[in-house]
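Here it is, the structure in full.
Atoms within a ligand are numbered from 1 in the order they appear, just like the ligands themselves. Atoms considered below: every heavy atom in the structure, side chains included; atoms not considered: hydrogens, waters and symmetry mates.
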Amino acid sequence: MTHPVVLMPGPMTEHVMAACAARFDVIRLWEHSDQDETLRTRGATVTAIATAGSPPVDAALMDRLPNLRIVSGFGVGYDSIDAVEAARRGIIVTNTPDVLTDDVADVALGLLLMAVRELPQAERYLREGKWRSGPFRLAPATLRGRKLGIFGLGRIGEAIARRAEPFGVEVRYHNRRPKAVPYRYCATLAELADQVDTLVIATPGGPATRHLVDADVLRRLGGRGIVVNVARGSVIDQAALIDALRSGTILSAGLDVFENEPHVPGELLALPNAVLLPHVGSASVDTRRAMGQLVVDNLVSWFERGTALTPVPETPQPEPAHAP
Ligand code: NDP
């Protein structure tokens, strides 16, 4: 029996690679010395892509795969997959929502606590043996009395809001559309930044949100301002953020994501008031396994039943007549 041919442009977790290898004929493109030749000779046999985001799945790659039907992405953010172009070509795109929500929200709260109380700096102080010479400096801020603005109150944003409530902070939010939630809605990001001193970003990345958090938004947060980003580095104008942290326009930042990962600019590394994590929002063994399983389950469901489990909004489930 012939198996569907699945293209993997880049490496994925061992679990995904093993599970795909057991069910599909997998082309591990990154291992091919002449990828162009592989795409030329085998491109027409490919009906699915499994991807962890790098390299991107764009129109140029889709051009090489005339029979592509589904792109199964690892991660809830799919800014590395051109879903609009996929929709235009009738290709379904899936992501891995929900299974990572709690882990990412935990990391957002962790970053907020670390940034507001300078916990990583305090830990470094102890490890460097400085405590014996005197106590660590008092943190210039506290969580008490803070107003928390969530930019992107979706699955992860709501999980962050729920976690923030017991800390006694007041939550407001900005999305393009208001939701039925017990938090005050701000129709613009500028309005939200005017009303809060703590901004947590949980929107998607991509062109629509690129650099929406800019120098003006940072200025509106004010000198007590703290920015936490667990979304995508592209949502913040990183140069403006570095300026704002340097000049005291805002107090501090907690970042899990950066503009040009894994490259973090030296200016950011040198700032004492930035807490920096290497994109670990969903990076627990259990969650990464659940994400990987959903990548595989989407492909299996597509090939066995003609429906994907978690299609992205740009490429909704096709009518049964269009399914394989
Ligand atoms: P959702 O789609 O559930 O939520 C996204 C929210 O952002 C929605 O409420 C949406 O509301 C809002 N939004 C989208 N576009 C805009 C815009 N242009 N302006 C204002 N608001 C906007 O996604 P999740 O909560 O599941 O995930 C959010 C993001 O978190 C992912 O896309 C990914 O980039 C990031 N992420 C990061 C991880 C990490 O490791 N750090 C791990 C997982 C996810 P509306 O449509 O009304 O505007």
Side-chain angles (χ1 to χ4, degrees), residues 13 52-54 56 73-81 83-84 93-112 114 149-164 171-181 183-193 199-214 217 227-237 253-259 261-262 264 275-292 294-295 310-316:
T13 63
S54 178
F74 181 94
V76 71
Y78 50 96
D79 39 314
S80 63
I81 304 170
V84 173
V93 175
T94 62
N95 63 348
T96 59
D98 299 317
V99 291
L100 45 61
T101 296
D102 285 332
D103 264 4
V104 183
D106 291 349
V107 166
L109 259 291
L111 271 171
L112 175 56
M114 287 196 285
I150 300 184
F151 175 34
L153 193 83
R155 289 170 291 244
I156 293 170
E158 281 200 50
I160 293 168
R162 283 195 298 276
R163 281 160 175 71
V171 177
R172 299 174 185 203
Y173 74 103
H174 168 64
N175 281 353
R176 287 166 300 185
R177 288 168 292 273
K179 300 173 78 164
V181 287
Y183 313 116
R184 191 182 295 177
Y185 177 68
C186 295
T188 65
L189 178 56
E191 188 189 322
L192 181 69
L199 185 70
V200 176
I201 306 167
T203 61
T209 55
R210 185 178 148 72
H211 286 192
L212 289 185
V213 177
D214 59 8
V217 167
V227 172
V228 169
N229 190 7
V230 291
R232 285 290 182 265
S234 59
V235 184
I236 303 186
D237 178 343
L255 308 173
D256 185 42
V257 287
F258 303 88
E259 276 204 299
E261 296 176 9
V264 179
V275 178
L276 311 173
L277 297 179
H279 201 148
V280 293
S282 67
S284 71
V285 170
D286 288 355
T287 292
R288 287 287 167 88
R289 191 175 172 91
M291 291 163 65
L294 194 45
V295 169
T310 50
V312 303
E314 291 88 339
T315 65

Is Arg163 salt-bridged to Asp102, cutoff N-O under 4.0 Å?
-> yes
Which atoms from ligand 1 have a heavy atom of Ala231 less than 4.0 Å away?
->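 With Ala231 as reference, the close atoms of ligand 1 come out as 34 (O), 35 (C), 37 (C).
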Consider ligand 1: state whether an atom of it lies below 4.0 angstrom from any non-hydrogen atom of Phe151.
-> yes
So, the side chain of Thr96 versus the backbone of Gly75: is there a donor-acceptor pair under 3.5 Å, distance only?
-> yes
Criterion side-chain contact (heavy atoms from CB on, under 4.5 Å) against Asn229, the qualifying member of Leu199, Ile236, Thr203 = Ile236
Distance (rounded to the nearest 0.5 Å) between Leu294 CG and Asn95 CG =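 Nearest 0.5 Å value for the CG-CG distance: 8.0 Å.
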Nearest to atom 42 (C) of ligand 1, what protein heavy atom do you find, and at what distance?
->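 Nearest protein contact, heavy atoms only, for atom 42 (C) of ligand 1 is Val104 CG2, 3.4 Å.
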Which segment of Asn175 sits under 4.0 Å of ligand 1 when only heavy atoms are counted =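 For Asn175, backbone and side-chain atoms both sit under 4.0 Å from ligand 1.
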What protein heavy atom sits nearest atom 47 (O) of ligand 1, and how far off is it?
-> Arg177 N, 3.2 Å
Can you figure out which of Val312, Leu255, Val230 has its heavy atom closest to atom 38 (C) of ligand 1?
->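 The option holding the nearest heavy atom is Val230.
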In the protein, which heavy atom is nearest to atom 43 (C) of ligand 1, and how far is it?
->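 Checked against all protein heavy atoms, atom 43 (C) of ligand 1 sits closest to Val76 CG1, 3.4 Å.
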Shortest protein contact, atom 30 (O) of ligand 1 (heavy atom only) =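 Sorting protein heavy atoms by distance from atom 30 (O) of ligand 1 puts Ile156 CD1, 3.6 Å first.
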Can you check whether Tyr173 and Tyr185 have ring centres sitting under 6.0 Å from each other?
-> yes
Considering all heavy atoms of both residues, which atom of Gly205 and which atom of Ser234 are nearest to each other, and what is their separation?
-> CA-OG, 4.0 Å
Any idea which part of Pro204 is under 4.0 Å from ligand 1, heavy-atom wise: side chain, backbone, both or neither?
->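 For Pro204, backbone and side-chain atoms both sit under 4.0 Å from ligand 1.
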Residue part near ligand 1, for Leu100, under 4.0 Å between non-hydrogen atoms =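 Just the side chain.
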Could you check atom 29 (C) of ligand 1 against the protein and tell me its nearest heavy-atom contact, residue, atom and distance included?
->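 Sorting protein heavy atoms by distance from atom 29 (C) of ligand 1 puts Thr203 O, 3.4 Å first.
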What distance separates Cys186 SG from Leu153 CG, expressed to the nearest 0.5 Å?
-> 11.5 Å
Asp98 side chain vs Thr101 backbone, donor-acceptor pair below 3.5 Å =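 Pair absent, no side-chain N/O of Asp98 close to backbone of Thr101.
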Near Ser282, which atoms of ligand 1 are under 4.0 Å from a heavy atom of that residue?
->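 With Ser282 as reference, the close atoms of ligand 1 come out as 40 (O).
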Report the distance from atom CE of Met291 to atom CZ of Phe74, rounding to the nearest 0.5 Å.
-> 4.0 Å
Which atoms of ligand 1 are found less than 4.0 Å from any heavy atom of Thr209?
-> 17 (C), 18 (N)
Looking only at non-hydrogen atoms, which of Arg232, Arg176, Glu158 approaches atom 16 (C) of ligand 1 most closely?
->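 Checking each option, the heavy atom nearest atom 16 (C) of ligand 1 is found in Arg176.
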Does Ala202 come within less than 4.0 Å of ligand 1, judged by its heavy atoms?
->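 Within the 4.0 Å threshold, so yes.
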Is any N or O atom of Leu153, backbone or side chain, closer than 3.5 Å to an N or O atom of ligand 1?
->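 Min N/O separation from ligand 1 is below 3.5 Å for Leu153.
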Distance, nearest 0.5 Å, that separates CG of Leu109 from CZ of Arg162 |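 One gets 11.5 Å once the value is rounded to the nearest 0.5 Å.
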Taking distance alone, with no angle check, do Asp79 and ligand 1 share an N/O pair under 3.5 Å?
->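 So ligand 1 has no N or O lying under 3.5 Å from an N or O of Asp79.
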Ligand 1 versus Lys179: contacting region, heavy-atom distance under 4.0 Å =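 Within the 4.0 Å criterion, Lys179 makes no contact with ligand 1.
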Closest protein heavy atom to atom 39 (C) of ligand 1, given as residue, atom name and distance to 0.1 Å = His279 NE2, 3.4 Å
Does Lys179 come within less than 4.0 Å of Glu158, counting only side-chain N to carboxylate O?
-> yes
Backbone N/O of Gly281 and side chain of Asp103: donor-acceptor pair under 3.5 Å | no
Give yes if a backbone or side-chain nitrogen or oxygen of Arg155 is under 3.5 Å from a nitrogen or oxygen of ligand 1, and no if not.
->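 Yes.
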Residue and atom name of the nearest protein heavy atom (relative to atom 4 (O) of ligand 1), distance in Å to one decimal =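 Protein heavy atom at minimum distance: Gly154 CA, 3.2 Å.
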NE2 on His279 to CG on Leu255, rounded to 0.5 Å |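 If we round to the nearest 0.5 Å, Leu255:CG and His279:NE2 are 12.0 Å apart.
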